[in-house]
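Keep in mind it's a predicted model, so treat the numbers as computed, not measured. Chain identifiers are assigned alphabetically (A, B, ...) following the order of the sequence lines, protein sequences preceding nucleic acid strands; residue numbering begins at 1 within each chain.
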Number of protein chains: 2
Amino acid sequence: MQLISIIGAHQTMRFAEIEAHLSDASTSTISKRLDEFEEADLVTRTQYDEIPPRVEYALTKEGNEVQERLESLLEWATTRS
Amino acid sequence: MQLISIIGAHQTMRFAEIEAHLSDASTSTISKRLDEFEEADLVTRTQYDEIPPRVEYALTKEGNEVQERLESLLEWATTRS
DNA sequence: CGGTATCCAAAGTGATACTG
DNA sequence: CAGTATCACTTTGGATACCG
């Protein structure tokens, strides 16, 4: 949920950037979730074959719908004492 | 999530009633979740000392807030092919 | 840089049996 | 009726190490 929310807030993000914003999840967990979300068509993965490698993640149209519906819930969750 | 949603849709519900509407969760799971939600002040538990015993569950004000914020998400999830 | 592979510990779930 | 207790099993997540 936070993953979707964070990507949605930034339009496009690189892996390391996501990691920095999601310090309570490990690398492998983020990686696995990204795979799942890509599989579920919520997130797109764009790989640039450069050196150093660069990969960008962004929400799909579906992903944005989920993100919108998620916002109010996350807002409630985070403002709860 | 479904638990909150279902209780919210019925105002007040008895345990067996909840079980009937949530056939994919076992008795013990429903019981544990209800305890947690009560602990988190999302659900109230009202026990009537009669024979046969009767216990009613309802959402608190907080619970209703969550339920509202949950609806659009659940709606999206269930209408997804 | 952007991951994957491996292993392990912890949490979640269900089936079954039993209780006030 | 409304649960709890126990146990086996599955799922999830993190730590660590390594790779193209």
Side-chain angles (χ1 to χ4, degrees), chain A residues 1-60 63 66-67 70 73-74 76-78 80, chain B residues 1-60 63 66-67 70 73-74 76-78 80:
Chain A
M1 285 176 47
Q2 298 174 66
L3 187 45
I4 293 290
S5 174
I6 288 174
I7 297 178
H10 289 74
Q11 323 301 334
T12 113
M13 287 185 93
R14 301 179 57 173
F15 192 88
E17 217 180 335
I18 295 175
E19 268 194 294
H21 284 265
L22 210 61
S23 49
D24 39 334
S26 67
T27 304
S28 41
T29 302
I30 294 174
S31 174
K32 284 175 199 165
R33 291 286 162 267
L34 283 172
D35 282 357
E36 288 180 16
F37 288 146
E38 198 194 349
E39 180 72 21
D41 268 320
L42 298 181
V43 163
T44 58
R45 191 190 119 107
T46 313
Q47 181 172 349
Y48 300 91
D49 289 329
E50 314 167 340
I51 295 177
R54 182 162 58 102
V55 177
E56 293 190 342
Y57 294 92
L59 296 186
T60 62
V66 175
Q67 190 258 349
L70 225 44
L73 195 62
L74 288 174
W76 176 88
T78 55
R80 222 192 175 201
Chain B
M1 286 175 46
Q2 299 174 64
L3 187 46
I4 294 290
S5 173
I6 289 172
I7 297 176
H10 289 75
Q11 323 301 334
T12 114
M13 289 185 90
R14 301 178 59 172
F15 192 88
E17 215 179 337
I18 295 175
E19 269 193 294
H21 283 265
L22 210 62
S23 49
D24 39 335
S26 67
T27 304
S28 40
T29 300
I30 294 173
S31 175
K32 285 175 199 165
R33 293 284 162 265
L34 282 172
D35 282 357
E36 288 180 15
F37 289 144
E38 196 194 353
E39 181 72 21
D41 269 319
L42 298 181
V43 163
T44 58
R45 192 190 116 107
T46 313
Q47 180 172 350
Y48 300 92
D49 289 329
E50 314 168 339
I51 296 178
R54 181 162 59 102
V55 178
E56 292 190 340
Y57 295 92
L59 296 187
T60 63
V66 175
Q67 189 259 348
L70 227 44
L73 196 61
L74 288 174
W76 176 88
T78 54
R80 223 195 175 197

Atom-to-atom span, [atom1] of [X] to [atom2] of [N] - whole angstrom:
X	N	atom1	atom2	result
A/K32	C/dG3	NZ	C1'	13 Å
B/R33	D/dG3	CZ	P	15 Å
B/Y57	D/dA2	OH	P	8 Å
B/E19	D/dT4	CD	C1'	13 Å
A/L34	C/dT4	CG	C1'	14 Å
A/E36	D/dT11	CD	P	13 Å
B/D35	C/dA11	CG	C1'	17 Å
B/I30	D/dG3	CD1	P	10 Å

Any [X] side-chain N or O less than 4.0 Å from OP1/OP2 of [N]:
X	N	answer
A/S26	D/dA15	no
A/R14	C/dG2	yes
A/T27	C/dG3	no

Nucleotide of [options] approaching [X] most closely (side-chain heavy atoms):
X	options	value
B/S31	D/dG3, D/dA2, C/dG2	D/dG3
A/A16	C/dG12, D/dG3, C/dG2	C/dG2
B/A25	D/dA2, D/dT4, C/dG14	C/dG14

Main-chain N/O of [Y] paired to [X] side chain as donor or acceptor, under 3.5 Å:
X	Y	answer
B/T29	B/A25	no
A/T12	A/A58	no
A/T60	A/L42	yes

For residues A/R45 and A/Q47, report the shortest heavy-atom separation together with the two atoms involved.
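Looks like NH2-OE1, 2.5 Å.
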At their closest point, which heavy atom of B/M1 faces which heavy atom of B/L70, and how far apart are they?
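That closest heavy-atom pairing would be O-CD2, 3.7 Å.
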Under 3.5 Å, is there a donor-acceptor pair linking the side chains of A/E19 and A/T27?
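Note: A/E19 and A/T27 side chains meet the donor-acceptor criterion.
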Side-chain donor-acceptor pair present, A/S28, A/S31, cut-off under 3.5 Å
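No, no side-chain donor-acceptor pair sits under 3.5 Å.
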Rounded to 10°, tell me the angle between the two end axes of the helix from C/dC1-D/dG20 to C/dG20-D/dC1, each built from five pairs.
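Angle reported: 50°, given to the nearest ten degrees.
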Tell me, with the steps shown, if B/Y48 and B/T46 meet side chain to side chain contact (heavy atoms under 4.5 Å, CB included).
CA-CA 7 Å; B/Y48 300 92; B/T46 313; 3.8 Å; yes
If you round to the nearest 0.5 Å, how far is CD1 of A/I18 from CD of A/Q2?
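Spacing of CD (A/Q2) from CD1 (A/I18) equals 13.0 Å.
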Of residues 40-55 of chain A, the positions that come close to DNA chain C - non-hydrogen atoms, cut-off under 4.0 Å
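Those residues are A/R45, A/P52, A/P53, A/R54, A/V55.
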5'-most contact on DNA chain C: A/S28 or A/E17, nearest heavy atom basis?
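Looking at DNA chain C, the more 5' nearest nucleotide goes with A/E17.
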Answer yes or no: is there an ion pair linking B/R33 with B/E36, defined by an N-O contact shorter than 4.0 Å?
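Salt bridge: yes.
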